[in-house]
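Okay, structure first, notes after.
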Amino acid sequence: MFLGIKKRIEAELKRYVHSAERLYSLKKISPLLYRGIKDFTSREGKRVRPILFTVGYLGFSEKTAPGLYKSALSIELMHDFMLVHDDIIDKSAIRRGKPSMHALLDSYLGKRKNIKFNGEDLAIVVGDVIYAMSLHAFLSIKEDPKRKEKALGKLIEAAVFTGSGEFIELLLGLKGIDRITESDIYKIYDYKTANYTFASPLAIGAILGGATDTETGKLSRYGLLAGRAFQIKDDILGLFSEEKEIGKSNLTDLQEAKLTLLMRQAFHRSGKIGKSVIKGILSKKEITIADLLAIRKIAEGSGALDYAKTEVYRYAKEAKRILISSRMREPYKSSLIRYSEEILKLQ
């Protein structure tokens with residue numbers, strides 16, 4: 001079922017980018033702008049958010065409204081907008097195995113001298129355009145106006161919470177690995193990932209599909225727990241996977257001195273030498289493979305890796321329990337349970 005939904009979303013994405021060119025004359029305004037948006041939004045991805053948006057809708061609606069799949073693109077385009085800006089903040093040159101938007105635009109500018117802007121400046125604007133396209137896409141569904149207005153409010157709330165999560169993550173990073181708490185880390189996880197990747201897409205779809213506030217609340221709670229599991233798993237993969245598996249450098253999280261549950265546990269479970277090594281690596285400007293291997297060794301030897309894996313399973317189990325109690329229609333509920341188990345599974 002989910003594979004079929006993903007295929008429809010992929011097809012709709014191609015059509016939408018093409019239709020946006022006709023609607024806004026993006027290619028006429030700037031071929032570079034159009035190429036950048038087309039390339040970035042068309043890159044291979046899991047499409048978790050629009051899939052969950054669609055399932056949330058179909059799980060409660062008795063019919064499929066025209067424009068559903070186009071509307072579901074709103075949360076994917078919002079994701080792309082945030083990735084463009086995240087990559088600028090994180091100084092990341094790779095996204096989904098290809099140059100990030102600002103790296104792509106820097107390449108276009110080449111070695112031109114005496115210009116007052118760079119690829120990052122251009123990318124900020126491209127991200128803003130993609131955000132506007134996201135809101136336009138949402139309006140495509142032909143549904144009850146009151147549901148639509150309520151769901152739009154939820155979409156905007158998701159954008160506010162995610163931006164706020166990025167903001168507090170940067171500020172909490174000032175505390176350092178020795179002072180940051182698990183509560184701090186989960187605050188970042190909930191606002192930056194869980195709400196926007198799981199809870200909001202499901203809730204937005206369910207609201208459009210006519211779900212009660214009680215059922216929407218259940219999906220939101222499920223989404224927050226599943227999102228925590230997803231983010232902890234992502235942190236594990238970011239440290240222990242190879243670049244070809246995650247589509248970005250496996251040095252990225254260390255380069256950004258990202259304060260994760262896994263890293264915090266590794267620090268607090270280590271002795272004096274381990275703590276010193278972790279602090280030294282997180283303070284470096286340039287991270288090496290040797291640094292990555294050293295952190296991996298500490299995370300495994302201290303039991304931090306096992307702890308993080310246990311937390312993934314714990315949150316995934318609790319999320320499943322809540323989802324089982326939902327009145328979402330079959331077979332969508334069963335398919336969602338299987339899909340969640342697959343994306344949260346640790347190898």
Side-chain angles (χ1 to χ4, degrees), residues 6 9 13 40-41 43 45-57 71-90 92 95-96 127-128 130-138 150-172 184-208 211 216-235 237-238 248 256 258 260-261 312 315-316 319 322-323 336 339-340 343-344:
K6 183 180 179 182
I9 288 168
L13 182 58
F40 197 84
T41 60
R43 292 179 185 181
K46 297 184 182 71
R47 314 298 186 213
V48 174
R49 295 160 192 82
I51 288 173
L52 294 181
F53 179 113
T54 304
V55 171
Y57 178 85
S71 188
L73 295 180
S74 60
I75 199 76
E76 180 70 12
L77 291 168
M78 186 173 289
H79 178 52
D80 288 331
F81 142 70
M82 290 173 178
L83 290 180
V84 170
H85 286 191
D86 277 355
D87 287 340
I88 294 170
I89 294 168
D90 298 338
S92 178
R95 173 60 65 181
R96 291 174 174 167
D128 293 342
I130 296 174
Y131 178 71
M133 290 171 64
S134 166
L135 296 179
H136 173 259
F138 174 82
K150 187 176 180 180
L152 177 59
K154 194 71 175 176
L155 178 67
I156 294 169
E157 178 186 273
V160 171
F161 284 166
T162 307
S164 301
E166 179 72 42
F167 190 85
I168 62 172
E169 181 179 35
L170 293 170
L171 291 181
L172 286 171
D184 290 332
I185 291 170
Y186 279 121
K187 189 175 182 180
I188 296 167
Y189 286 176
D190 289 350
Y191 281 111
K192 190 177 176 185
T193 299
N195 185 285
Y196 140 77
T197 301
F198 288 88
S200 287
L202 281 167
I204 293 166
I207 290 168
L208 285 170
T216 302
K218 282 184 180 181
L219 287 184
S220 293
R221 181 60 183 159
Y222 155 80
L224 286 174
L225 293 168
R228 285 187 174 189
F230 180 85
Q231 186 57 61
I232 298 169
K233 174 189 173 181
D234 193 60
D235 293 338
L237 294 177
K248 62 179 182 179
E256 297 168 12
K258 193 174 180 183
T260 66
L261 181 71
V312 173
Y315 283 119
I322 292 173
L323 186 56
L336 180 55
Y339 181 70
S340 300
I343 62 175
L344 296 177

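Closest heavy-atom contact between A203 and S220: CB-OG, 3.7 Å. Nearest heavy atom pair, residue A229 against residue A316, reads CB-N, 4.0 Å. Taking both residues in full, the closest heavy atoms of T54 and A72 are given as OG1-CB, 3.6 Å, listed atom of the first, atom of the second, then distance. Considering all non-hydrogen atoms of both residues, N195 and A158 come closest at OD1-CA, 4.0 Å. Contact between R221 and I322 at its shortest, heavy atoms only, is CG-CD1, 3.3 Å. The minimum heavy-atom distance between A194 and R228, with the atom names listed, is CB-N, 4.0 Å.
With respect to D235 and K258, a salt bridge is recorded, a charged nitrogen being found less than 4.0 Å from a carboxylate O.
Considering only heavy atoms from C-beta on, L224 stays 4.5 Å or farther from Y186 through its side chain. Two residues are said to be in side-chain contact when any heavy atoms from C-beta on lie closer than 4.5 Å; T41 and L77 meet this criterion. Side-chain contact between T193 and T162: absent, with no pair of heavy atoms (C-beta onward) separated by less than 4.5 Å. For the pair H85 and D128, the minimum side-chain heavy-atom distance is below 4.5 Å.
A centroid separation of 6.0 Å or more is found between the aromatic rings of Y189 and Y315.
Partner H79 forms a ring pair (Phe, Tyr, Trp, His ring centres under 6.0 Å) with one of F53, Y196, F40 and no other, that one being Y196. When each of L202, L155, T216 is checked for a side-chain contact (heavy atoms from CB on, under 4.5 Å) with I207, only T216 meets the rule.
For the atom pair S164 OG and D190 CG, the distance stands at 13.0 Å (nearest 0.5 Å). Going from atom CE of M82 over to atom CD1 of I130 covers 12.0 Å, rounded to the nearest 0.5 Å. Rounding to the nearest 0.5 Å gives a distance of 9.0 Å between CZ of F81 and CG of D86. Here I204 contributes atom CD1 and L152 contributes atom CG; the two are 8.5 Å apart, rounded to the nearest 0.5 Å. For the atom pair CD1 of I188 and CD of E169, the computed distance is 5.0 Å after rounding to the nearest 0.5 Å. Taken from CG in L52 to CD1 in I75, the straight-line distance is 9.5 Å, to the nearest 0.5 Å.
For Y339, the OH atom is densely surrounded, since the number of other residues' heavy atoms within 6.0 Å is greater than 12. Within a 6.0 Å sphere centred on NZ of K187, other residues, nucleotides and ligands contribute 12 heavy atoms or fewer.
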- Message: Evaluate D80 against R96 for salt bridge (charged side-chain N to carboxylate O under 4.0 Å, His left out), listing each step before the verdict.
- Response: CA-CA 11 Å; D80 288 331; R96 291 174 174 167; 3.3 Å; yes
Passes side-chain contact (heavy atoms from CB on, under 4.5 Å), I9 versus L73? Steps please.
CA-CA 7 Å; I9 288 168; L73 295 180; 3.9 Å; yes
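Using cut-offs of 30° and 60° on the angle between ring planes, the pair F198 and Y222 is perpendicular.
Of the possible donor and acceptor atoms, one in the side chain of R43 sits under 3.5 Å from a partner among the backbone N and O of R95. Judged by distance alone, the side chain of S74 and the main-chain N or O of S71 form a donor-acceptor pair under 3.5 Å.
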